[in-house]
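Here is the structure we will look at, set down as structure tokens.
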There are 2 protein chains.
Amino acid sequence: MAERLDETDEQILAELADNARATFAEIGQRVNLSAPAVKRRVDRMLDSGVIRTFTTVVDRTALGWTTEAYVQVFCHGTIAPDQLRAAWQDIPEVVSAATVTGTADAMLHVLARDMRHLEEALERIRSSADIERSESIVVLSNIIERALS
Amino acid sequence: MAERLDETDEQILAELADNARATFAEIGQRVNLSAPAVKRRVDRMLDSGVIRTFTTVVDRTALGWTTEAYVQVFCHGTIAPDQLRAAWQDIPEVVSAATVTGTADAMLHVLARDMRHLEEALERIRSSADIERSESIVVLSNIIERALS
DNA sequence: GCTGAAACACATGATGC
DNA sequence: GCATCATGTGTTTCAGC
């Protein structure tokens, strides 16, 4: 769990963050390691949870997805994070989700084509878990957008 | 550029978002397509910019950044988005910022090493613009983390 | 904990439907 | 626009250091 990473691990992470579909041989060339050595390190980091997942950055604005909202969700009783993950991870409109402090149980970041689509996505979000109510804060304009890794 | 995606494209995107290192054959099996057919669609989406990049979600606890919050900011009077961008873009703890609907003027996503660091970052955020008050919602655990545009 | 080699699986272009 | 096939590459296991 509290795995410590050496300089090579950090380099490999940076390469994977830059291109998650890079081959192990390619990464190895950049960090001066053989492909099997890279694979073993990546496997170890996957195993220890340092690497959570490999994902794809989809530019929804290229598809005209211009509507964005932060949604606070209030559940009936207590729900385990794993349940919420199971409920929402197949909803592509959900960019991120987290359980939070305060009156709300979870905070979601949702992307949609337009208001109608957002409405419809919210309905799917609500119906896929035992949700009491939700509160949406719609984004007017993005000021800063940094990749987090 | 205003590329349209069919149902199969969406399915492929969902698979790639879930695991960017999945093989084309694997994806093809799930969407009932051959590997070359999947590749062609992925290539087209890469070409049109719909797929921006493949990346890796790193568990920031491994990097020592364990504290995360959504911060609603309330300004004195009206402030232009550009002013807020100028005020905050040099604060590295600010992962994203957007002006929003509702009672708050802006929503920030902030990352910090710990509570003390978050507190200190919030102080810098508040003092760099004409902020009346702010409301922080601290993340307990991340459920879904997809890199967004 | 690395390298090198070998078996196996995948990517990808050409071809035909 | 798809499937099939062939080949070059990448992956992954195993032995050895």
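To find a chain, count down the sequence lines: A is the first, B the second, and so on, and within it residues start at 1.
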The criterion is side chain to side chain contact (heavy atoms under 4.5 Å, CB included); which residues satisfy it with Ala14(A), sequence neighbours excluded?
none
Pairing residues for Trp65(B) by the ring-ring contact (aromatic ring centres under 6.0 Å, His included) criterion, not counting sequence neighbours
His117(B)
Would you indicate, yes or no, if dG1(C) has its OP1 or OP2 atom less than 4.0 angstrom from a side-chain nitrogen or oxygen of Arg40(A)?
no
Base-contact (B) and sugar-phosphate-only (S) positions in nucleotides 10-17 of chain C, heavy-atom cut-off under 4.0 Å, - elsewhere
SSBB----
Would one find a side-chain N or O of Ser34(A) under 4.0 angstrom from OP1 or OP2 of dT3(C)?
yes
What pairs with Asp18(A) under side chain to side chain donor-acceptor pair (under 3.5 Å), at least two apart in sequence or on another chain?
none
Interface limits on DNA chain D, where chain A has a heavy atom under 4.0 Å of a nucleotide atom
dG10(D) to dT13(D)
Listed by chain and number, what are the side chain to side chain donor-acceptor pair (under 3.5 Å) partners of Asp6(B), not counting sequence neighbours?
Arg41(B)
If you look only at pairs with a residue in residues 92-118 of chain A, which of them pass as a salt bridge (Lys or Arg N to Asp or Glu O under 4.0 Å), with sequence neighbours excluded?
Glu93(A)-Arg124(A)
Between Val50(B) and Leu13(B), is there a side-chain heavy-atom distance shorter than 4.5 Å?
yes
So, using ring-ring contact (aromatic ring centres under 6.0 Å, His included) as the criterion, who are the partners of Tyr70(A) when residues are at least two apart?
His109(A), Tyr70(B)
So, using side chain to side chain donor-acceptor pair (under 3.5 Å) as the criterion, who are the partners of Asp82(B) when residues are at least two apart?
Arg85(B)
Find the distance Leu5(A):CG to dG1(C):C1' and express it as a whole number of Å.
16 Å
